[in-house]
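Just below is one structure, and these are the notes that go with it.
Quantities reported herein were computed from a predicted structural model and do not represent experimental measurements. In the text below, chain A, chain B and the rest are named by the order of the sequence lines, each starting its count at 1.
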Protein chains: 2
Amino acid sequence: MAEARLIGVDWGTTSFRAALMDREGEVLDDMTGKDGLLSVVDRDFEGVLDRAIGRWDPACTLPVIASGMVTSRSGWRETAYLPCPAGADELAGALTRLTTAKGRRIAFVTGLSYRHGDGSPDVMRGEETQIAGLGLQGTRLAVMPGTHSKWVRVEDGRITAFRSAMTGDAFAALKDHTVLKLTTADWIPSSEAFATGVWIGAADGGAGLLGKLFRQRAGSLMGDFPANETAERLSGLLIGAEIAEARSFAPDVGGPVIIVGGEALAARYAAALAVLGIVHETAPADAAFAGQFRIARAAGLM
Amino acid sequence: MAEARLIGVDWGTTSFRAALMDREGEVLDDMTGKDGLLSVVDRDFEGVLDRAIGRWDPACTLPVIASGMVTSRSGWRETAYLPCPAGADELAGALTRLTTAKGRRIAFVTGLSYRHGDGSPDVMRGEETQIAGLGLQGTRLAVMPGTHSKWVRVEDGRITAFRSAMTGDAFAALKDHTVLKLTTADWIPSSEAFATGVWIGAADGGAGLLGKLFRQRAGSLMGDFPANETAERLSGLLIGAEIAEARSFAPDVGGPVIIVGGEALAARYAAALAVLGIVHETAPADAAFAGQFRIARAAGLM
């Protein structure tokens with residue numbers, strides 16, 4: 001086995017993943033834990049980390065690089081957002097370092113901020129590291145589905161602009177806490193219902209969303225579609241609206257849209273993009289560790 | 001005191017109101033109860049009604065006309081929606097009648113349905129009776145704020161088209177069940193923050209809503225505005241988006257937009273319309289009883 005040189009930690013609100021890497025960034029071992037930031041008791045982040053990676057490095061000699069919501073206000077070490085444009089080099093230059101009582105050296109990757117044309121701000125934490133891991137060349141557009149989806153413009157590996165959408169978060173809230181809950185509890189998978197939702201959501205450039213939402217209730221009341229298709233239609237509607245919104249964000253970027261995300265959500269976005277005739281491809285999974293390695297190397301951590 | 005000739009009941013999901021009227025529709029007495037449809041136990045709608053209006057008519061000789069969600073699936077007597085166009089005459093022709101075991105005669109006003117240009121359906125229950133009560137002449141546009149706001153096109157008293165928006169319902173869900181809940185629990189009234197939200201929501205014809213929602217989180221994180229203004233901004237954002245959506249619904253209708261609704265919400269919509277430079281006026285309160293009287297008279301109930 002090659003010599004371990006780095007430990008990467010991808011620490012989110014509800015997830016914890018870590019990887020042991022060699023000098024080339026190859027993952028020698030990895031683990032997934034249940035200790036998302038929200039479940040850390042008494043802010044004992046160090047204890048949770050030690051229990052997770054201690055077996056790889058009981059002597060605390062390996063450098064650790066951590067990314068994700070671990071640098072948010074509710075995380076271990078809050079850090080300021082770095083403005084775009086930024087890639088691995090800029091992120092390496094903005095690392096926040098901490099040495100624990102046991103002597104473990106941790107470097108935190110901070111998130112990015114962006115100002116839209118109208119001055120309004122956007123933020124990300126964690127996605128910047130995944131993008132750094134993809135090593136994209138030229139000008140590309142990536143979509144990162146999730147609670148707060150991101151559409152990211154990448155130029156030669158650096159993020160130059162991005163746009164978030166509250167799609168997953170809004171979906172859960174609308175599905176479970178509006179009148180739609182009367183029919184979304186009973187969720188039948190249906191690619192046809194999803195596709196119909198995508199079309200509706202994307203119509204008129206994604207405008208008219210509040211009316212479109214109500215008509216998912218009216219349509220089931222009028223018998224236009226089976227009530228148990230409402231959840232699929234709602235999912236399609238919001239993703240379709242998100243895609244239509246994002247079209248105006250980077251109209252000049254050619255090539256396939258790159259989908260970066262977990263398998264189930266990536267498949268859902270691939271289906272939605274296909275419905276709308278948008279060429280796309282899916283990035284390899286686990287770009288976060290590759291990004292952490294690039295940033296660590298750029299920072300001379302190893 | 002003039003002779004009582006009619007009892008009107010406006011029965012909603014969470015509200016119950018009733019009025020005793022004379023032969024001219026003048027309200028002789030009225031009451032507000034706490035027994036919304038959701039709080040009726042064992043479907044004892046008759047018992048709740050008797051306790052509310054029994055003192056006016058212990059002998060059960062007066063005709064009762066009821067409107068609102070009382071005719072929905074979760075109400076007393078479900079009735080089919082009547083297609084537009086419809087006014088007091090059509091609603092009178094579509095009354096559903098019931099005589100209780102005690103001999104009380106009840107006529108239920110049904111709701112309306114409408115098909116948009118793309119074939120998608122819209123529905124209302126209760127608002128049609130309020131509109132009938134306004135007695136509007138010419139071609140007018142009314143907005144009825146609420147959980148599911150309605151924009152209603154009225155031609156010589158008849159509703160010819162309408163468009164719902166899930167504004168109030170979505171506001172509550174997004175405020176309390178997304179990442180915005182971190183800052184919306186602490187709600188400071190601010191007409192300036194509300195107006196800013198209205199502008200943002202109405203921009204681009206109401207498109208881009210999923211991104212605009214996220215930026216209310218990003219903006220407070222970046223210190224662009226005080227976090228405790230988030231709820232006001234969110235309220236303005238959704239109402240602004242609703243107004244922008246509705247603009248495309250009835251672009252040809254002149255004259256002030258008529259706001260029909262409870263005092264607090266009506267004031268909020270008046271403020272939003274003013275921000276966007278849209279001329280408006282507020283309808284008198286309690287149009288529901290006036291509408292019930294007109295429909296009852298057209299049906300010869302008295």
Within-4.5 Å side-chain heavy-atom neighbours: A/E245 and B/L210: yes

Most contacts with chain B, counted as non-hydrogen pairs under 4.5 angstrom, among A/A165, A/P121, A/A218: A/P121

Under 4.5 Å from any heavy atom of chain A - which part of B/K150: side chain

From A/L213 atom CG to B/D169 atom CG, the distance as rounded to the nearest 0.5 Å: 9.5 Å

Validation row: B/L209, A/M166 side chains within 4.5 angstrom (heavy atoms): no

Check: B/T167 and A/F214 side chains under 4.5 Å, non-hydrogen atoms: no

Validation row: A/D122, B/M222 side chains within 4.5 angstrom (heavy atoms): no

Approximate separation, where rounding is to 0.5 Å, of B/L174 CG and A/H177 NE2: 10.5 Å

Pairwise distance CZ(A/R217) to NE2(B/H148) - rounded to 0.5 angstrom: 8.5 Å

Exceeds 12 heavy-atom contacts within 6.0 angstrom, atom CD of A/E192: no

B/L238, part contacting chain A, at a heavy-atom distance under 4.5 Å: both

Region of B/R215 in contact with chain A, defined by heavy-atom distances below 4.5 Å: both

Separation of B/Q216 CD from A/S120 OG (nearest 0.5 Å): 8.5 Å

Non-hydrogen atoms of B/G205 and A/A207 that approach each other most closely: O-CB, 3.9 Å

Carboxylate-amine/guanidinium proximity below 4.0 Å for A/D224 and B/R115: yes

